[in-house]
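Structure, as structure tokens:
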Amino acid sequence: MVFDTHNHTRFSFDAEMDIEEALKKASRYAMNLVVTEHYDLNERQDDGTPVDFEIKQYFDTYSAYRGEHLLLGIELGLDNRPDYVARNRAIIEAHPFDMVIGSVHNLQDFDLYTDRAKNFLSKQDFFTQYLIYAEHTIHRNPYIDTFAHIDYPCRYLNYSDNVLRYEDFPLLIDNFLSTLIENDICLEINLRLIDQSGFREGLESIVRRYRELGGQYVTIGGDNHSPDTIGIKYPLGAAMAKEYSLTPVYFKNRKRMVDEPMS
């Protein structure tokens, strides 16, 4: 069974994807889905409302679909402050998620998507702060199953070259990847930028190093917010995993399961 492990439906603040449309599109590619709705205790939408969703309603609504072709997860916005760590852990322990994605969407002081403060830092200073923060955050949140989109900031920076490459930050990326491996956390091959030259090579350099350091498992996630994108880029992620002898996995009842190769 092949799972795209990163998908957002109408329970996420930034998506309106209908679950039946999503499953129909996935079936065309002989794929299955893990739904991973946004839950960021440390963020607010533009109107001040929380970036979260009603978890009970989520399970009640999708329980009829949950099974062979659909699993129910969550994408947690991680933070290294003790109060957020405790609250996030409590959410996970209180609900029967299949899979838990961890993401760094902000650096505590500013949002990586919206805050213009990031544009006043040099590329070297920005990624130094980001990678150190991400490493520390994983140390404090070791209960997640996979770390999503290490190249997330690349989408929203304003440098002449936004690509994150291993060779530019080898020690910091080694520290981050080693922390994932030590805590048995997968690295996600996020598909959002994988078809764009430069960004693809940057991600590949990090995936290659993950393998060299002893990483074995990756999740492959489209970060889909619309059914239009489901399945289209998945073969690129699968090919990258195969190139570096990494095993694509998904999680069911918080247990790691190995994807079957696509036919």
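Numbers for residues simply follow the sequence, beginning at 1.
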Check V100 against I92 and note the closest heavy-atom contact, atom names and distance.
CG2-CD1, 3.7 Å
Can you tell me how far CD of E43 sits from CG of D111, rounded to the nearest 0.5 angstrom?
4.5 Å
Rounded to the nearest 0.5 Å, how far apart are NE2 of H139 and CG of L180?
9.5 Å
Should we say atom OH of Y113 is surrounded by more than 12 heavy atoms from elsewhere, each under 6.0 Å from it?
no
Sequence neighbours excluded, every pair satisfying ring-ring contact (aromatic ring centres under 6.0 Å, His included) that has a member inside residues 180-222
none
Where do K123 and V163 come nearest, in terms of heavy atoms and distance?
NZ-O, 2.8 Å
Side chain to side chain donor-acceptor pair (under 3.5 Å) with D4: which of T229, N32, T36, N224?
N224
Quick one: sort the F97 and Y58 rings into parallel, tilted or perpendicular, breaks at 30° and 60°.
tilted
For F169, what residues pass the ring pair (Phe, Tyr, Trp, His ring centres under 6.0 Å) criterion, not counting sequence neighbours?
F127
Keeping to residues at least two apart or across chains, list the side chain to side chain donor-acceptor pair (under 3.5 Å) pairs with something in residues 85-99.
R66-D98
Closest approach of L177 and I206, non-hydrogen atoms and distance?
CD1-O, 3.7 Å
With sequence neighbours excluded, what pairs up with D14 under the side-chain contact (heavy atoms from CB on, under 4.5 Å) test?
S12, H38, H225
When rounded to the nearest 0.5 Å, the distance separating CG of N7 from CG of L33 is 4.5 Å
Hey, is R209 close enough to E212 for a salt bridge, meaning N to O under 4.0 Å?
yes
For L112 and P153, work out which heavy atoms get closest and say how close.
CD1-CG, 4.0 Å
Could you walk me through whether I74 and F53 pass side-chain contact (heavy atoms from CB on, under 4.5 Å), step by step?
CA-CA 10 Å; I74 189 172; F53 61 97; 4.1 Å; yes
Would you mind checking if R81 and D83 are paired as a salt bridge, meaning a charged N to carboxylate O distance below 4.0 Å?
no
Distance col, row E135:CD vs N175:CG, nearest 0.5 angstrom, shows 4.5 Å
List the residues meeting ring pair (Phe, Tyr, Trp, His ring centres under 6.0 Å) with Y152, not counting sequence neighbours, and say none if there are none.
H105, H149, Y156
Do Y166 and D168 have a side chain donor and acceptor closer than 3.5 Å?
no
Less than 4.5 Å apart, any side-chain heavy atom of I138 and any of I144?
yes
Min side-chain heavy-atom separation V35-I19 under 4.5 Å
yes
Ring-ring centroid check Y29 Y234, cutoff 6.0 Å:
no
Please give me the minimum heavy-atom distance between I101 and A148, naming the atom from each residue.
CG2-CB, 3.4 Å
Go through the steps for E75 and E37 under the test side-chain contact (heavy atoms from CB on, under 4.5 Å), then give the verdict.
CA-CA 6 Å; E75 180 179 2; E37 310 292 13; over 6 Å; no
Quick one: does N141's side chain have a donor or acceptor within less than 3.5 Å of a partner on D79's backbone?
yes
Looking just at side-chain N and O atoms, do Y62 and T9 make a donor-acceptor pair shorter than 3.5 Å?
yes
Spacing of OH belonging to Y143 relative to CG belonging to L78, to within rounding of 0.5 Å
5.5 Å
Salt bridge (charged side-chain N to carboxylate O under 4.0 Å, His left out) against K233, all qualifying residues, sequence neighbours excluded:
D195
Does V85 form a side-chain contact (heavy atoms from CB on, under 4.5 Å) with N80? I'd like the steps, not just the answer.
CA-CA 6 Å; V85 172; N80 62 16; 5.6 Å; no
Would you say the side-chain atoms of Y244 and E204 include a donor-acceptor pair closer than 3.5 Å?
yes
Other cluster members, F13 - Ile/Leu/Val/Met/Phe/Trp/Tyr, side-chain contacts below 4.5 Å:
V51
Within the 4.5 Å heavy-atom criterion, are L172 and I132 side-chain neighbours or not?
yes
Who are the side chain to side chain donor-acceptor pair (under 3.5 Å) partners of T219, not counting sequence neighbours?
T146
Determine whether E167 and S205 make a side-chain contact, defined as any pair of heavy atoms from C-beta on separated by less than 4.5 Å.
yes
For F251 and V249: C-alpha separation, side-chain torsions, deciding distance, then whether side-chain contact (heavy atoms from CB on, under 4.5 Å) applies.
CA-CA 7 Å; F251 287 78; V249 298; 4.2 Å; yes
Any side-chain heavy-atom pair from R208 and R211 closer than 4.5 angstrom?
no
Can you check whether I189 reaches L203 side chain to side chain, under 4.5 Å on heavy atoms?
yes
Set of residues satisfying salt bridge (charged side-chain N to carboxylate O under 4.0 Å, His left out) with respect to D52, sequence neighbours excluded
none
Across all chains, not counting sequence neighbours, the salt bridge (charged side-chain N to carboxylate O under 4.0 Å, His left out) partners of D184 are R256
Rounded to the nearest 0.5 Å, how far does CG of N162 lie from CG of L157?
5.0 Å
Taking the side chain as everything from C-beta on, heavy atoms only, tell me whether C186 gets closer than 4.5 Å to F147.
no
How close do K25 and D228 get, heavy atom to heavy atom, and via which atoms?
NZ-O, 3.0 Å
Indicate yes or no: at least one non-hydrogen side-chain atom of L121 is less than 4.5 angstrom from one of Y130.
no
Say whether V218 and L193 are linked into one hydrophobic cluster, either directly or through other cluster members, by side-chain heavy-atom distances under 4.5 angstrom.
no
For E54, check side-chain contact (heavy atoms from CB on, under 4.5 Å) against everything at least two apart and list the hits.
Q57
Which residues satisfy the salt bridge (charged side-chain N to carboxylate O under 4.0 Å, His left out) test with D223, sequence neighbours excluded?
R155, R192
